[in-house]
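The structure appears right after this line, and notes come after that.
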2 protein chains.
Amino acid sequence: MDNQGRGLHARVLASLGPAITAGDYPPGTVLRTDELEKRFDVSRTVVREVVRVLESMHLVESRRRVGVTVRPTEEWDVFDPQVIRWRLAGADRPRQLRSLTALRSAIEPAAAALAAEHATPEQCAELTEHALNMVATSRGQQLAAYLVHDIAFHRVILRASGNEMFARLGDVVAEVLTGRTEHQVMFSDPDPEAVTLHVRVAEAVRARDAARAEACTREITVGALRELDILAP
Amino acid sequence: MDNQGRGLHARVLASLGPAITAGDYPPGTVLRTDELEKRFDVSRTVVREVVRVLESMHLVESRRRVGVTVRPTEEWDVFDPQVIRWRLAGADRPRQLRSLTALRSAIEPAAAALAAEHATPEQCAELTEHALNMVATSRGQQLAAYLVHDIAFHRVILRASGNEMFARLGDVVAEVLTGRTEHQVMFSDPDPEAVTLHVRVAEAVRARDAARAEACTREITVGALRELDILAP
DNA sequence: GTGACTTAAAAGTCATACTTATTTGGGTTG
DNA sequence: CAACCCAAATAAGTATGACTTTTAAGTCAC
């Protein structure tokens with residue numbers, strides 16, 4: 001992971017953060033710093049640093065004479081990669097995957113359209129390569145290898161869009177794709193149609209055909225949404 | 001603003017954060033904590049808290065025996081509302097507005113489609129009301145009032161989508177709309193077509209017509225994109 | 001009951017002493 | 001001369017005690 005073991009504050013954060021996002025401390029719960037000191041057996045210094053970070057994520061609010069209050073869920077910074085990771089690791093993972101997949105469905109087609117306009121020759125080559133590798137690994141229980149190329153493919157699309165915000169969603173998409181592979185029936189090979197669509201997207205981007213790149217990507221993400229409905233309608 | 005004056009750490013953060021996002025300390029720059037202590041005339045405690053928060057935004061990295069290093073721009077958490085605000089306040093505001101408008105264009109149509117499926121009667125009523133108020137304030141130099149309803153309208157759509165991540169983009173959209181109004185020719189009334197489209201979106205949502213809600217919203221956001229091209233092609 | 005005043009609880013801040021990781025450089029050895 | 005190891009210097013990390021500031025809440029007079 002990102003921040004494991006690197007200092008005491010990181011350890012406390014990695015323990016308290018997930019606990020809060022998991023709902024162990026429901027909104028409105030008040031944590032006092034000296035209580036946290038004892039609980040984690042660390043100094044005020046460390047606790048305060050952790051609280052500041054949680055506060056910057058809008059997970060808690062620290063007020064004098066009151067304590068550290070857990071804020072209502074609607075106010076959390078749900079786009080914070082750290083928060084996303086914590087929630088994906090917790091109980092409402094399914095709900096989280098749903099939200100993220102909806103986000104993907106909105107973003108990726110737009111990103112593909114932009115990528116068709118802005119992709120460099122190198123990026124086009126990368127796309128084609130990853131698409132072909134996806135085809136190659138799409139049969140015969142090679143899900144792990146397939147996943148690697150799938151992630152790489154989507155990352156290139158997002159980066160090639162030229163929009164820094166889209167580009168930053170690469171990690172989120174990677175997380176979603178990984179989560180899907182892990183929690184799906186690991187026996188089945190990926191949907192052949194989806195594989196073909198990736199090849200088409202690569203072609204469309206290389207041909208500078210924004211409309212087609214967008215349409216094919218939309219088909220991919222719609223498929224991802226449908227998958228969720230099948231699993232838990 | 002959000003965090004003005006609330007404690008020393010907030011003041012230092014509000015000074016250092018914007019400085020970094022503005023590029024005053026280019027990536028690779030090393031800040032030593034004791035230097036920061038002197039510069040802001042605060043204690044170690046405060047500096048460390050600030051550094052932790054900046055670190056959680058991936059703006060800097062703190063390593064022993066090295067110092068606090070400014071990270072490359074591509075690694076920043078560009079979705080962090082705080083970072084967005086800092087950058088909007090800084091020099092590359094135009095670039096930022098572009099990224100955010102592209103994001104809006106991807107998200108809002110999808111949100112409108114979902115809103116058509118999930119909006120409560122109350123939300124439908126709110127939408128209609130805001131749309132009508134937009135019409136009412138669309139002529140005669142009432143830009144400030146118009147902006148209020150415009151923001152409210154988009155907020156309702158995003159919230160009514162039922163997707164928590166979309167909902168959280170309400171603040172960002174508000175920021176973009178405000179920024180646009182402030183930096184545009186303040187003399188001209190809003191585009192009549194855009195106003196009409198908002199009314200149509202409200203109608204479509206009430207009629208549970210997802211496709212039409214999506215299409216009309218897309219027209220709105222495409223218009224917003226075009227606007228940017230006209231201003232700085 | 002309302003309003004002003006007091007009190008106490010909890011976070012915020014500071015200064016200092018100490019610990020730990022890590023880079024750098026020098027010296028030893030093959 | 002290269003490779004390697006070790007020691008010293010450096011800057012962040014942690015702990016702690018003393019003090020300040022905010023503010024919720026209780027109390028008293030009116």
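Protein chains get the first letters and strands the later ones, always in sequence-line order, with residue 1 at the start of each.
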If you assign each of B:Arg64 and A:Arg64 to its closest nucleotide in DNA chain D, which residue comes earlier from the 5' end? B:Arg64

Gap between atoms [atom1] and [atom2], on [X] and [N] respectively (whole Å):
X       : N      : atom1 : atom2 : result
A:Glu61 : D:dT23 : CD    : C1'   : 14 Å
B:Phe40 : C:dT13 : CZ    : P     : 14 Å
B:His9  : C:dC14 : NE2   : C1'   : 15 Å
B:Glu37 : C:dT13 : CD    : P     : 14 Å
B:Leu13 : C:dT13 : CG    : P     : 12 Å
B:Asp34 : D:dG13 : CG    : C1'   : 14 Å
B:Arg6  : C:dA10 : CZ    : P     : 19 Å
B:Leu8  : D:dC19 : CG    : C1'   : 14 Å

Kindly assign one of parallel, tilted or perpendicular to the pair B:His149 and B:His130, based on the angle between their ring planes and the thresholds 30° and 60°. tilted

Could a donor-acceptor pair under 3.5 angstrom be found where the side chain of A:Thr33 meets the base of C:dA11? no

Does a nitrogen or oxygen in the side chain of [X] sit under 4.0 Å from OP1 or OP2 of [N]?
X       : N      : result
A:Arg52 : C:dG12 : yes
A:Ser43 : D:dT14 : no
A:Arg44 : C:dA11 : no
B:Thr45 : C:dG12 : no

Give the nucleotide from the list D:dA15, C:dT20, D:dT23 with an atom nearest to the side chain of A:Arg65. D:dT23

Contact class for B:Leu36 (heavy atom, under 4.0 Å): base, sugar-phosphate, or nothing? nothing

If you measure from the Lys or Arg side-chain nitrogens to the Asp or Glu carboxylate oxygens, is any gap between A:Glu74 and B:Arg159 under 4.0 Å? no

Does A:Arg44 pair with A:Asp34 as a salt bridge, N-O distance under 4.0 Å? no

B:Val46 or A:Val66: which one's nearest nucleotide on DNA chain C is closer to the 5' end? A:Val66

Does the side chain to side chain contact (heavy atoms under 4.5 Å, CB included) test come out yes or no for B:Thr21 and B:Thr73, once each step is laid out? CA-CA 8 Å; B:Thr21 55; B:Thr73 318; over 6 Å; no

Could you walk me through whether B:Arg155 and B:Asp171 pass the side chain to side chain contact (heavy atoms under 4.5 Å, CB included) check? CA-CA 8 Å; B:Arg155 252 189 221 287; B:Asp171 290 341; 2.9 Å; yes

